[in-house]
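Along the sequence shown, residues carry numbers from 1. Remember, it's a predicted structure, so these values are computed and weren't measured experimentally. Atoms within each ligand, like the ligands themselves, are counted from 1 in listed order.
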Amino acid sequence: MSATIIDGKAFALKVRGKVADHVARLKADHGITPGLAVVLVGSDPASEVYVRSKGKATNEAGMKSVEHRLEADTSEADLLRLIDDLNNDVTIHGILVQLPLPDHLNEDLVINSINPAKDVDGFHISNVGLLGTGQKSMVPCTPLGCLMMLREQHGSLSGLDAVVIGRSNIVGKPMAQLLLGDSCTVTIAHSRTKDLAETVRRADIVVAAVGRPEMVPGDWIKPGATVIDVGINRLDAPERGEGNTRLVGDVNFASASEVAGAITPVPGGVGPMTIACLLANTVTACSRANDLDEPEGLTA
Ligand code: GUN
């Protein structure tokens with residue numbers, strides 16, 4: 001059997017189209033433009049790339065994008081002052097502080113100083129608690145994107161066995177909460193799980209988010225299962241010429257795609273959905289802030 005390839009790039013374009021439609025309605029009917037502020041401290045090259053593409057996508061959706069670039073040695077007090085200003089700025093509906101932060105800054109303290117209603121990353125402790133108790137929250141972008149793809153693939157997820165490999169606060173834990181919210185039977189597996197292969201073989205849905213290149217082989221996958229690969233690992237690829245690299249996921253795509261019912265590729269699977277969901281969260285935050293209807297199909 002050969003799996004259906006879930007085209008995250010095409011799906012992300014659809015989500016971004018829905019966001020742009022909702023933004024256009026907010027402008028036309030209410031004179032409101034959603035605004036997203038992205039804060040980057042220091043000049044980590046990967047973070048620079050992410051921040052640039054977030055800003056570009058925000059503008060393309062018709063929203064206001066504001067970038068704050070601070071020196072690597074910015075004090076915690078100065079960063080907290082900027083966040084306080086953004087919390088109080090009525091033209092800003094979403095605030096994202098790009099991680100990782102330089103070592104002298106306390107990430108938890110900084111994230112928890114963002115107004116939870118503007119926390120479009122869904123990392124604030126209030127949003128974590130709201131999600132865990134099934135209340136309305138801001139949901140982390142990557143797991144939200146995975147959930148959207150799974151709903152598109154399956155319709156209802158009710159009663160399905162889901163295994164999430166990885167227990168990070170950014171992906172694994174919120175992903176498990178979202179799947180539980182959609183009535184899956186959820187297992188969170190990790191590096192200490194006793195028999196990972198057998199655990200994964202039970203799953204109708206596998207979400208791999210461990211950050212280890214191709215660690216999930218095809219013979220761990222139950223025939224027909226849906227596989228969502230969150231991993232983005234860069235490997236040397238000398239076969240493509242000296243110094244070249246290639247991206248692989250946490251799943252061995254070649255073998256898993258022979259067994260799975262559906263699978264996300266890397267690149268072109270989960271990755272494009274993360275930015276799309278950041279835009280979705282920003283328009284959702286803006287709608288909530290103005291007591292207006294939330295966009296359909298863009299929230300958990
Ligand atoms: N750094 C890498 N991924 C992310 C993300 O999703 N949000 C933030 N704030 N920083 C990141």
Side-chain angles (χ1 to χ4, degrees), residues 8 12 15-16 19 35-58 65-70 72 74 76 79-80 82-83 86-87 92-103 105-128 131 137-149 166-175 177-178 207-211 228-234 247 249-250 266-267 269-282 284-285 300:
V15 170
R16 287 169 65 161
V19 170
L36 172 65
V38 176
V39 180
L40 174 63
V41 186
S43 54
D44 174 67
S47 292
E48 295 257 12
V49 173
Y50 286 133
V51 166
R52 240 192 329 272
S53 41
K54 284 168 185 172
K56 183 165 172 274
T58 305
S65 162
V66 181
E67 281 178 27
H68 290 272
R69 292 165 178 272
L70 307 181
T74 297
E76 200 159 83
L79 178 55
L80 293 178
L82 170 61
I83 292 173
L86 295 170
N87 283 340
I92 295 298
H93 307 93
I95 303 169
L96 181 149
V97 178
Q98 186 68 27
L99 303 177
L101 288 171
D103 287 345
L105 300 171
N106 179 334
E107 245 169 48
D108 289 336
L109 182 76
V110 169
I111 296 301
N112 290 326
S113 73
I114 298 172
N115 175 350
K118 297 189 178 188
D119 167 37
V120 282
D121 262 328
F123 295 166
H124 190 290
I125 193 67
S126 296
N127 282 316
V128 176
L131 176 61
S137 66
M138 297 307 302
V139 175
C141 303
T142 299
L144 178 58
C146 296
L147 182 75
M148 286 181 185
M149 290 194 285
R167 53 179 158 176
S168 70
N169 291 334
I170 292 182
V171 183
K173 286 179 198 161
M175 188 74 246
Q177 295 288 4
L178 289 171
V207 180
V210 268
I228 305 290
D229 191 349
V230 181
I232 302 176
N233 308 289
R234 194 170 285 284
L247 289 181
D250 292 347
V266 178
V270 174
M273 287 299 288
T274 297
I275 284 195
C277 287
L278 173 65
L279 305 178
N281 277 349
T282 304
T284 296

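Counting heavy atoms from C-beta on, the side chains of P174 and V139 never come closer than 4.5 Å.
Applying the side-chain hydrogen bond (donor to acceptor under 3.5 Å, both in side chains) test to D229 and every residue at least two apart in sequence or in another chain returns nothing. Applying the side-chain hydrogen bond (donor to acceptor under 3.5 Å, both in side chains) rule to E67 yields the partners R69; only residues at least two apart in sequence or on another chain are considered.
At least one donor-acceptor pair closer than 3.5 Å links the side chain of D250 to the backbone N or O of G211.
Within the structure, side-chain hydrogen bond (donor to acceptor under 3.5 Å, both in side chains) contacts touching residues 108-122 (residues at least two apart or in different chains) are D119-N127.
For ligand 1, the protein residues within 4.0 angstrom (heavy atoms only) are L96, V97, Q98, L99, D121, F123.
Separation of atoms CG (L96) and OG1 (T282) is listed at 8.5 Å; rounding is to 0.5 Å.
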